[in-house]
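Start at 1 and go down the list; that is how both ligands and their atoms are numbered.
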Amino acid sequence: MVLSEYRRLEMADVAEPVPGSGEVLVRVAACGICGSDVHGYDGSSGRRIPPLIMGHEAAGTVAAVGEGVTAWAPGDRVTFDSTVSCGQCPFCLRGDINLCDRREVLGVSCGEYRRAGAFAEYVTVPERILYRLPASMPFAEAAMLEAVSVALHAVKMGGVHGGETALVIGAGMIGLLTLQAARVAGCSRVLIADVDATRLRLARSLGADEVLQVSGDDLSRQVLERLPSGADVVLEAVGRDATVSAAIASVVKGGTVVLIGNIAPRVTVPLQVVVSRQLRLQGTAASSGEYPEAIDLVSSGKIQVKPLISAVAPLDEGPRWFERLYAGEPGLMKVALVPHPEAAS
Ligand SMILES: [Zn+2]
Ligand SMILES: [Zn+2]
């Protein structure tokens with residue numbers, strides 16, 4: 001499925017990719033549509049310059065291996081990191097693969113590089129970003145592991161050790177996974193805020209202690225009614241002026257605001273509040289080594305992804321699903337596209 005020009009996706013025959021040295025050819029079984037694909041689709045993010053095969057939240061089976069690959073064999077069920085890290089730069093060497101100097105994201109073209117993604121029958125990836133899947137995990141759920149890893153990384157960046165109170169702002173896909181990740185990390189009480197009642201119902205069923213249907217100044221007011229000193233950690237999964245302000249107003253003195261969402265490129269920060277209350281504003285990017293943990297948590301059911309999957313549809317219906325997501329159809333969360341529907345499981 002090729003983005004041939006902005007807002008135009010078409011099904012096209014392209015040459016089957018050939019795995020180079022150290023690479024693996026993956027037969028894609030499912031690939032989720034990410035919010036960043038939908039934002040990039042009309043050109044507004046500048047990170048999906050056509051022509052491009054998008055898609056970076058995928059799972060499938062190994063179809064062939066390139067030269068030097070010995071750890072993987074055809075038929076292995078796998079998922080892979082959305083980030084292709086180089087494995088050699090100072091950041092990779094110290095384990096911060098999400099900060100790699102030569103970082104590329106699958107299914108992205110941004111002027112500096114163009115890397116084919118997984119809205120296709122096949123994709124090639126370096127073997128070092130592959131992870132083995134348990135036989136019991138359905139591919140559509142495995143396609144959610146990328147987002148689960150993002151949530152786990154965000155909570156880790158919040159310095160959660162257990163016993164903290166947490167507030168999640170935004171009950172979209174990442175917010176709902178972050179809520180679950182905060183629970184798993186041992187937060188004693190997790191609140192979540194959004195304006196959408198349906199999403200909050202889902203949040204409640206996924207383990208939120210309290211849901212707040214509120215926005216703007218009322219948000220921090222309601223949080224402070226429940227947690228008079230503020231939340232120990234606030235996980236901001238929206239990324240707009242109002243929600244970042246609410247996050248800063250809801251955190252305890254000396255606490256941490258983890259900035260996950262970034263819909264707006266800039267926001268205003270109340271500098272004196274941040275300085276005088278000694279707040280930590282902590283950005284978080286993608287994930288860095290959380291895949292194995294994500295696989296364990298999803299297979300054990302400690303993190304639930306199934307309730308977040310709105311539809312599993314054939315890849316050739318992808319263009320229509322992109323339009324529906326782009327139109328902001330209410331109630332739609334993750335849509336997973338399946339290139340080989342006859343073999344899907
Ligand atoms: Zn994504
Ligand atoms: Zn690197």
- Do T79 and R132 have side-chain atoms, one donor and one acceptor, less than 3.5 Å apart?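 Side chains of T79 and R132: no pair found under 3.5 Å.
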- Query: Cut-off 3.5 Å, side chains only: do D232 and T165 have a donor facing an acceptor?
  - Reply: yes
- C34 atom SG and H56 atom NE2 as seen from the Zn ion (ligand 1), angle to 10 degrees: 110°
- How many degrees, to 10°, between C92 SG and C100 SG as seen from the Zn ion (ligand 2)?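 SG of C92 and SG of C100 make an angle of 100° at the Zn ion (ligand 2), to the nearest 10°.
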- Nearest to the Zn ion (ligand 1) - the N/O/S atom of E57, by atom name: OE2
- Heavy atoms of other groups near D217 CG, more than 12 under 6.0 Å: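 Counting other residues, nucleotides and ligands, CG of D217 stays at 12 neighbours or fewer.
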- May I ask you to check if R77 and F139 form a cation-pi contact, with NZ or CZ under 6.0 angstrom from the six-membered ring centre and within 45° of the axis? yes
